[in-house]
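Counting starts at 1 for both ligands and their atoms, following the listed order.
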Amino acid sequence: MNNPIVLGIESSCDETAVALVRGDRTILAQRIASQNEAHERFGGVVPELAARAHADRLAPMVETVLAEAGVSLADVDAIAGTAGPGLIGGVMIGLVTAKALAFAAGKPLIAVNHLEGHALSPRLADASLQFPYLLLLVSGGHCQLLGVEGVGRYRRLATTIDDAVGEAFDKSAKVLGLGFPGGPALERAARSGTPRFPLPRPLVGSDEPHFSFAGLKSAVLRARAALAEPTAQDIADLAASFQQAACDCLTDRTGRAIAAFPEATALVVAGGVAANQAIRSALADLAAAQGLPFVAPPMWLCTDNGAMIAWAGLERFQAGDIDDLHAPARPRWPLDPAAEAVRGAGVKA
Ligand code: KG4
Ligand code: ZN
């Protein structure tokens with residue numbers, strides 16, 4: 001099939017999202033609803049509230065996206081839904097919705113790994129991006145370096161031994177009183193700050209391939225506690241210091257992985273934290289110094305969305321890799337099942 005149309009559903013965290021994507025990379029229609037108001041007063045995502053919001057919104061959102069594109073379910077070639085990893089209540093709602101649509105319309109189901117959605121999303125935005133590429137996947141729950149060798153072929157080169165970098169952003173933002181969601185708020189604060197606080201850069205320079213962010217996060221907490229009455233400038237400076245340290249950790253570890261995966265045709269960054277401008281520009285500099293093209297999807301495609309799930313589904317559909325209605329919802333689902341567990345491995349939702 002030359003130009004298939006795939007409906008994608010995403011509900012693994014706090015974004016409810018649906019998109020219709022065609023094989024020529026056209027996004028026919030899409031919707032993304034965040035739930036910030038529901039979780040803001042708790043300072044983090046409450047799984048039960050997230051699942052209820054997905055249940056309320058998903059079916060009407062599918063109807064809206066189909067209507068806006070002027071496409072009926074009969075015109076859709078496959079239904080793709082996130083089947084994990086993520087907050088299991090939300091994953092079940094999205095996957096069951098995808099199964100019901102696939103069953104009712106007699107279409108193939110593709111149970112998509114959310115991480116594969118992030119990993120392949122740069123190819124939706126950039127038709128010239130070929131395999132193999134080196135991917136830095138940075139989100140709220142994951143921080144990994146992957147050799148992306150093809151659809152369904154991922155080699156994990158590094159992961160975090162404790163916290164994900166997005167989690168470190170979110171927790172540091174909370175400690176600094178910057179609100180929810182923390183990553184974008186911390187980036188905004190850092191813009192008016194100077195990185196004058198000496199903070200640690202865990203594992204930088206080490207022979208071990210992995211990441212670590214727990215020590216950096218705790219150092220932000222201690223530095224904040226040492227300021228009796230911090231001014232807005234102190235907070236901005238501490239935010240800038242954290243962001244600089246996080247950038248240094250990411251670029252050092254990525255530089256090491258470039259050497260370990262010499263077949264890479266490009267350095268690619270994806271996942272929610274890839275929306276951070278300071279991180280994008282530090283990685284662009286690293287790639288330029290190594291003579292590698294640098295690819296970062298547009299900002300909206302970095303954070304969770306339905307188009308990345310539709311696109312990963314489309315790539316799998318075109319490879320003839322489809323699922324049946326027994327596909328399970330999985331709270332954990334590594335992209336490279338053969339990779340060794342690391343000590344502490346803080347792989348959360
Ligand atoms: O991929 P994503 O939308 O959801 C997960 O799969 O986790 O990533 C969300 C994470 C959160 O930790 C959020 O704070 C972080 O991405 N994030 C950012 C920025 N925008 C989102 N972190 C730093 N700077 C940003 N601009
Ligand atoms: Zn994500």
* Output yes when the distance from some N or O of ligand 1 to some N or O of Gly140 is under 3.5 Å, and no in every other case. => yes

### Query
Purely on distance, is any nitrogen or oxygen of Gly166 under 3.5 Å from one on ligand 1?
yes

Note: Asp170, heavy atoms under 4.0 Å from ligand 1, region reported as side chain

So the atoms of ligand 1 within less than 4.0 Å of a heavy atom of Gly272 turn out to be 1 (O), 2 (P), 8 (O), 16 (O), 17 (N), 18 (C), 19 (C), 20 (N), 21 (C)

*asked:* Looking at ligand 1, is there an atom of it that comes within less than 4.0 Å of some heavy atom belonging to Cys13?
replied: no

Under 4.0 Å between heavy atoms, the region of Pro181 that gets near ligand 1 turns out to be neither

Test item, His118 contacting ligand 1 (heavy atom, 4.0 angstrom) = yes

**OP:** Verify ring-ring contact (aromatic ring centres under 6.0 Å, His included) between Phe169 and Phe242, making sure each step is shown before the conclusion.
**Re:** CA-CA 8 Å; Phe169 263 92; Phe242 166 83; 4.9 Å; yes

Could you tell me if any non-hydrogen atom of His142 lies under 4.0 Å from any atom of ligand 1? no

Checklist entry - Hey, is the Zn ion (ligand 2) within less than 2.8 Å of some N/O/S atom on His142? => result no

| request: Would you check if Ser212 and Leu203 make a side-chain contact, meaning some heavy-atom pair closer than 4.5 Å? | output: yes

Closest to atom 5 (C) of ligand 1 (heavy atoms only, candidates Val165, Asp304, Asn305, Leu137) is Asp304

Using a 3.5 Å cut-off on N or O atoms only, is Glu15 in polar contact with ligand 1? no

Exercise. Take Arg156 and Glu340, measure what salt bridge (charged side-chain N to carboxylate O under 4.0 Å, His left out) needs, and give me the verdict at the end.
Key: CA-CA 9 Å; Arg156 198 199 72 195; Glu340 268 177 44; over 6 Å; no

- request: Ignoring angles and geometry beyond distance, decide whether Gly183 reaches within less than 3.5 Å of ligand 1 through its nitrogen or oxygen atoms.
  value: yes

May I ask you to check whether Cys13 brings an N, O or S atom to under 2.8 Å from the Zn ion (ligand 2)? no

Between His39 and Val45 the two heavy atoms that sit nearest each other are ND1-CA, 3.7 Å

Taking every heavy atom of Lys99 against every heavy atom of Leu325, the minimum-distance pair comes out as NZ-O, 2.9 Å

Cation-pi, Phe131 ring and Arg123 (6.0 angstrom, 45 degrees): yes

Answer key: the N, O or S atom of Asp304 nearest to the Zn ion (ligand 2) is OD1

- Is a side-chain donor-acceptor pair under 3.5 Å present for Asn276 with Gln243? yes

Handout entry: Glu116 side chain to Tyr154 side chain, donor-acceptor N/O pair below 3.5 angstrom
Key = yes

>> Between Arg224 and Leu176, is the side-chain contact (heavy atoms from CB on, under 4.5 Å) condition met? List the steps.
In response: CA-CA 7 Å; Arg224 166 64 189 84; Leu176 298 179; 4.2 Å; yes

Check your understanding: What do you reckon, does Glu167 have a nitrogen or oxygen under 3.5 Å from a nitrogen or oxygen of ligand 1?
Key -> no

Here the atoms of ligand 1 under 4.0 Å from any heavy atom belonging to His114 are 6 (O)

Taking only non-hydrogen atoms of Gly141 and a 4.0 Å limit, the atoms of ligand 1 in range are 7 (O)

Close side-chain approach of Ile161 and Glu208, heavy atoms under 4.5 Å:
yes

Validation row: Phe294, Leu283 side chains within 4.5 angstrom (heavy atoms): yes

